[in-house]
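Inspection log for the structure reproduced underneath, given as structure tokens.
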Number of protein chains: 2
Amino acid sequence: MPSSTVENYLKRIFLEQQAEPTGDIVSMKNLAGAMGVTAGTATSMAKSLADSKLVAYEPYGGVKLTARGRTVALRVLRRHRLIECLLVEALGLDWSEVHDEAEKLEHAISDKLLDRIDEFLGFPSVDPHGDPIPTAGGEIRHSALTALTEVEQGAEVRIARVLDQDEQFLRFVDRHMLRPGTRARVLVQDHAAEAVTVQSGKLPAVTMGRTAAAKIMVELIKG
Amino acid sequence: MPSSTVENYLKRIFLEQQAEPTGDIVSMKNLAGAMGVTAGTATSMAKSLADSKLVAYEPYGGVKLTARGRTVALRVLRRHRLIECLLVEALGLDWSEVHDEAEKLEHAISDKLLDRIDEFLGFPSVDPHGDPIPTAGGEIRHSALTALTEVEQGAEVRIARVLDQDEQFLRFVDRHMLRPGTRARVLVQDHAAEAVTVQSGKLPAVTMGRTAAAKIMVELIKG
DNA sequence: TATCATATTTTGACATATCAAAATTTCTGG
DNA sequence: CCAGAAATTTTGATATGTCAAAATATGATA
Ligand SMILES: [Mn+2]
Ligand SMILES: [Mn+2]
Ligand SMILES: [Mn+2]
Ligand SMILES: [Mn+2]
């Protein structure tokens, strides 16, 4: 029975641990930043999570999930992502608006209901953004994807995952038919201009900056 | 932006106001009982709701919703009941288990999502228990129904509403095919034994006590 | 009307979650 | 290695929501 606050912290720590390649440890600064709280608040929460054996906390070091903390984090993430699927697939919400909704619902759903949702959706393995859905058993498998910036010029790809949940960005992706599942072709890799040009469906090609392109993960299509 | 606690109190006050025929005012004792808190807690909450102009509070008198409080209460009730519909109709949960689930979800759903749910369900006017769903405009219309105890012996009725949300009771109702919408016949009104005998579908007749029968509301079928 | 049971309010305490600002530690560049 | 910058922790405060137990008010009854 962790509170929603605790669930949010644990989920965030999990995601930050994955994101930061600086080892496995999340600093108070990063945690506070990611949670939108002051550093002092992050510190006191870190202690309290450590008291509950959900994280290992080293003063002046940082915080890292324990096995138990990871289990809780993955359960929250599973709920979050399955809810996103439900909202998009059953209720027709736009994928650019489901994130905030799921942020609240992920704390309000029983295991039983979650199972029904999973079944109803046909046991999906990724959410509408292409993010992998942890299993009920607490495993998460992230397939090896390539960023759009790393693809050879001329290659055919299938969009697999969009790493930025920002509404603006998701709508941009939508406009140019670059949702997960779509097939596209990389027309130009302009390293000097730090730009990538992509073309999807019958739409005109679009050129985007490397930072934007780096947030679009793809699979190469054989042949 | 009322907290879920505030939403729960307001909804409960609304329901208690309707239930108690002792005027329109809810005593601290009743409020505390209904909310499962101590009397002191109810008092302090009553004051704080009064500060926010959500209830009128008279010390040693009791509490009564203001127009604003009623609006909030009805919005919560609308969310609760539409969610119950969704869980039963789209996700196939049993009507005996949706209440607790809705109790949490009712605080976690945006207006936008609620509209989608309403649309998805085809704008239902009652929930799975036959409870009326307040409109988006904040109105609630309760049709004049008759308790099973008040019906003439031999009458044909349509079950319209079940007033008790208790799992045991709902399952009893289910077993004997007395869900809202079902047609049934009142075979015996035994006033001496304080019992009512009803028969539905092809099932054998069932005899229940008056207190149970009083919780089943029906419409008389013409002819 | 005086008394007593019952309802209500008040008081003091606690848990959680947060902030601002002060104090402290760690890191880094010269 | 040492001074200043940056990160972190500590301190003192606030808001919400709760309880137990003490104090007080209300209302029925004898
Ligand atoms: Mn959340
Ligand atoms: Mn997602
Ligand atoms: Mn509730
Ligand atoms: Mn209901």
Original post:
Considering residues at least two apart in sequence or located in another chain, which fulfil the salt bridge (Lys or Arg N to Asp or Glu O under 4.0 Å) criterion with A:Asp94?
Top reply: none
**OP:** Please collect all salt bridge (charged side-chain N to carboxylate O under 4.0 Å, His left out) contacts where either partner lies in residues 52-64 of chain A, sequence neighbours excluded, each pair once.
**Re:** A:Asp24-A:Lys64
Original post:
If you look only at pairs with a residue in residues 136-147 of chain A, which of them pass as a side chain to side chain donor-acceptor pair (under 3.5 Å), with sequence neighbours excluded?
Top reply: none
**OP:** Please answer whether the main-chain N or O of A:Leu65 pairs with a side-chain N or O of A:Gln17 as donor and acceptor at a distance below 3.5 Å.
**Re:** yes
Original post:
For residues 93-119 of chain B, which residue pairs qualify under ring-ring contact (aromatic ring centres under 6.0 Å, His included), counting only residues two or more places apart or in two chains?
Top reply: B:His80-B:His99, B:Trp95-B:His129
Original post:
side chain to side chain contact (heavy atoms under 4.5 Å, CB included) with A:Ser27: which residues, sequence neighbours excluded?
Top reply: A:Lys29, A:Asn30
Original post:
Residues two or more places apart in sequence or in another chain: which of them pass side chain to side chain contact (heavy atoms under 4.5 Å, CB included) with A:Thr43?
Top reply: A:Met28, A:Lys47, A:Tyr57
Can you name the atoms? Protein N/O to nucleotides 17-22 of chain C N/O, anything below 3.5 Å, with the distance.
from	atom 1	to	atom 2	distance (Å)
C:dA17	OP1	A:Ser3	OG	2.5
C:dT18	OP2	A:Tyr9	OH	3.1
C:dC19	OP2	A:Thr38	N	3.0
C:dC19	OP2	A:Thr38	OG1	3.3
C:dC19	OP2	A:Thr41	OG1	2.7

Original post:
Nearest-Å distance, CE (B:Met35) to P (D:dT18)?
Top reply: 7 Å
Subject >> Distance, rounded to the nearest Å, where A:His107 contributes NE2 and C:dT16 contributes P >> reply: 18 Å
Which atom pairs, one a donor and one an acceptor, fall under 3.5 Å between side chains of residues 69-78 of chain B and the rest of the protein, sequence neighbours left out?
from	atom 1	to	atom 2	distance (Å)
B:Thr71	OG1	B:Ala67	O	3.0
B:Arg78	NH1	B:Pro134	O	3.0
B:Arg78	NH2	B:Asp118	OD2	3.0

Identify all pairs in which a protein N or O lies below 3.5 Å from an N or O of nucleotides 4-7 of chain C, and state each distance.
from	atom 1	to	atom 2	distance (Å)
C:dA7	OP1	B:Lys29	NZ	3.3

Original post:
Over how many whole Å does the gap from A:Glu58 atom CD to C:dT25 atom P extend?
Top reply: 16 Å
Original post:
CE of A:Met1 versus P of C:dT16: gap in Å, rounded?
Top reply: 14 Å
